[in-house]
Amino acid sequence: MPTDAPSPFVRPYRPADRDAVGDVCVRTAHNGGDSRELYPDLRLMPAIFAEPYCHFDPDLAFVLDDGTGRAEGYVIGTADTERFVEDFRRTWIPRLIDRYPAPAAPPRTPSEEMIGLLHRPERMLVPELAAYPAHLHIDLLPARQRRGHGRQLMGALLDALHQKGVSAVHLGMVTANTAARAFYDRLGFHEIPVRDPGPLTYLGRATANG
């Protein structure tokens, strides 16, 4: 007799998820799409946008388990952006300095531009975001999108932040990613005006539901 296919579900991150989370990051890092041609070093984007969150704030990391144990999406964040930046500067960059030394010249490739971001964690300290001390990243493989899983992941993180007494959270998204903006709008995020935001739009919302 045929058996039912495993059902995906949201669960807390586990250290064994590290490689799968990195893979999701790589496959969604270019405006929501595959970034492998743009950033051929497959460790680069996870080292900036995924792994430090799982390292410093594992209790605020949740994955979409495909039903067999493999993560096909995640939401990660930090309750305190200022503290996260300090940790990133003090202990995360030294872990990566041999593989990704600080640039000595202006970037010539997309990868070099990202390495420059790695060495400038203070870019996350935006004065207009002070009322939104937490921040997050959320990514899902395309096959798992538009099925309610993103809402479930976001709900898990918002609940965890609220239980920690964090009142509000923000994120920075590439303005050109209009599909992502529609998703965040549906979840109650609003735009936060920021002077000179560059290619990003900053969004925020309260962690409490309703």
Side-chain angles (χ1 to χ4, degrees), residues 8-66 68-78 81 84-85 87-88 91-93 95-96 99-100 107 109-121 123-124 134-147 149-154 156-157 160 169-177 179-181 183-184 199-203:
F9 63 97
V10 173
R11 61 166 172 80
Y13 169 85
R14 300 190 292 245
D17 298 318
R18 179 179 181 271
D19 289 345
V21 165
D23 183 61
V24 173
C25 180
V26 166
R27 292 173 186 270
T28 58
H30 181 45
N31 294 339
D34 198 317
S35 70
R36 285 176 291 183
E37 289 190 10
L38 198 61
Y39 308 110
D41 181 344
L42 302 187
R43 292 173 57 183
L44 177 59
M45 299 304 275
I48 304 171
F49 297 111
E51 292 173 3
Y53 296 88
C54 297
H55 178 76
F56 292 122
D57 294 274
D59 58 332
L60 294 176
F62 300 89
V63 303
L64 179 69
D65 189 309
D66 69 354
T68 71
R70 181 171 179 81
E72 295 194 331
Y74 61 80
V75 64
I76 51 182
T78 181
T81 298
F84 180 83
V85 168
D87 288 343
F88 198 106
T91 67
W92 190 252
I93 292 176
R95 294 163 63 104
L96 303 173
R99 187 177 181 90
Y100 305 117
T109 67
S111 292
E112 289 179 357
E113 184 175 355
M114 286 298 153
I115 293 169
L117 291 182
L118 168 69
H119 286 274
R120 297 197 311 274
R123 64 191 158 76
M124 292 182 258
H135 76 264
L136 66 87
H137 296 278
I138 182 170
D139 290 297
L140 279 165
L141 292 179
R144 295 299 185 185
Q145 296 175 10
R146 300 178 181 85
R147 299 185 180 186
H149 301 312
R151 182 179 291 271
Q152 293 172 338
L153 283 166
M154 190 71 78
L157 178 62
V169 61
H170 75 268
L171 59 91
M173 56 157 284
V174 176
T175 303
N177 192 346
R181 177 61 190 268
F183 166 72
Y184 296 127
L200 301 181
T201 295
Y202 291 95
L203 305 175

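Please read these numbers as outputs of a predicted model, since none were measured by experiment.
The shortest heavy-atom contact between Val63 and Ala71 is CB-CB, 3.8 Å. Of all the heavy atoms in Gly150 and Leu140, the pair that sits closest is N-CD1, 3.5 Å. Of all heavy-atom pairs spanning Leu118 and Ile93, the tightest one is O-CD1, 3.5 Å. The two residues Val26 and Arg36 have their closest heavy-atom pair at CG1-CG, 3.3 Å. Closest non-hydrogen pair, Arg123 versus Leu117, comes out as NE-O, 3.1 Å. Heavy-atom minimum distance, Arg11 versus Gly69: NH2-O, 3.2 Å.
In this structure, Tyr100 and Met114 have side chains that are not in contact, with every pair of non-hydrogen atoms separated by 4.5 Å or more. Put simply, the side chain of Leu64 does not reach to within 4.5 Å of the side chain of Arg147, judged on heavy atoms.
The number of heavy atoms from other shown groups lying within 6.0 Å of CZ (Arg18) does not exceed 12. Annotation: Glu113, atom CD; neighbour count of heavy atoms from other residues, nucleotides and ligands within 6.0 Å does not exceed 12.
In terms of modelled atom types and a separation under 3.5 Å, the side chain of Trp92 and the main chain of Ile48 share no donor-acceptor contact. At distances below 3.5 Å, at least one donor-acceptor pair connects side-chain atoms of Thr175 with backbone N or O atoms of Thr201.
Classified by interplanar angle (parallel below 30°, tilted 30° to 60°, perpendicular above 60°), the ring pair Phe84/Phe88 is tilted.
Residues satisfying the salt bridge (charged side-chain N to carboxylate O under 4.0 Å, His left out) test with Asp41, not counting sequence neighbours, are Arg99.
Atom CG of Asn31 sits about 8.5 Å away from atom CE of Met173, to the nearest 0.5 Å.
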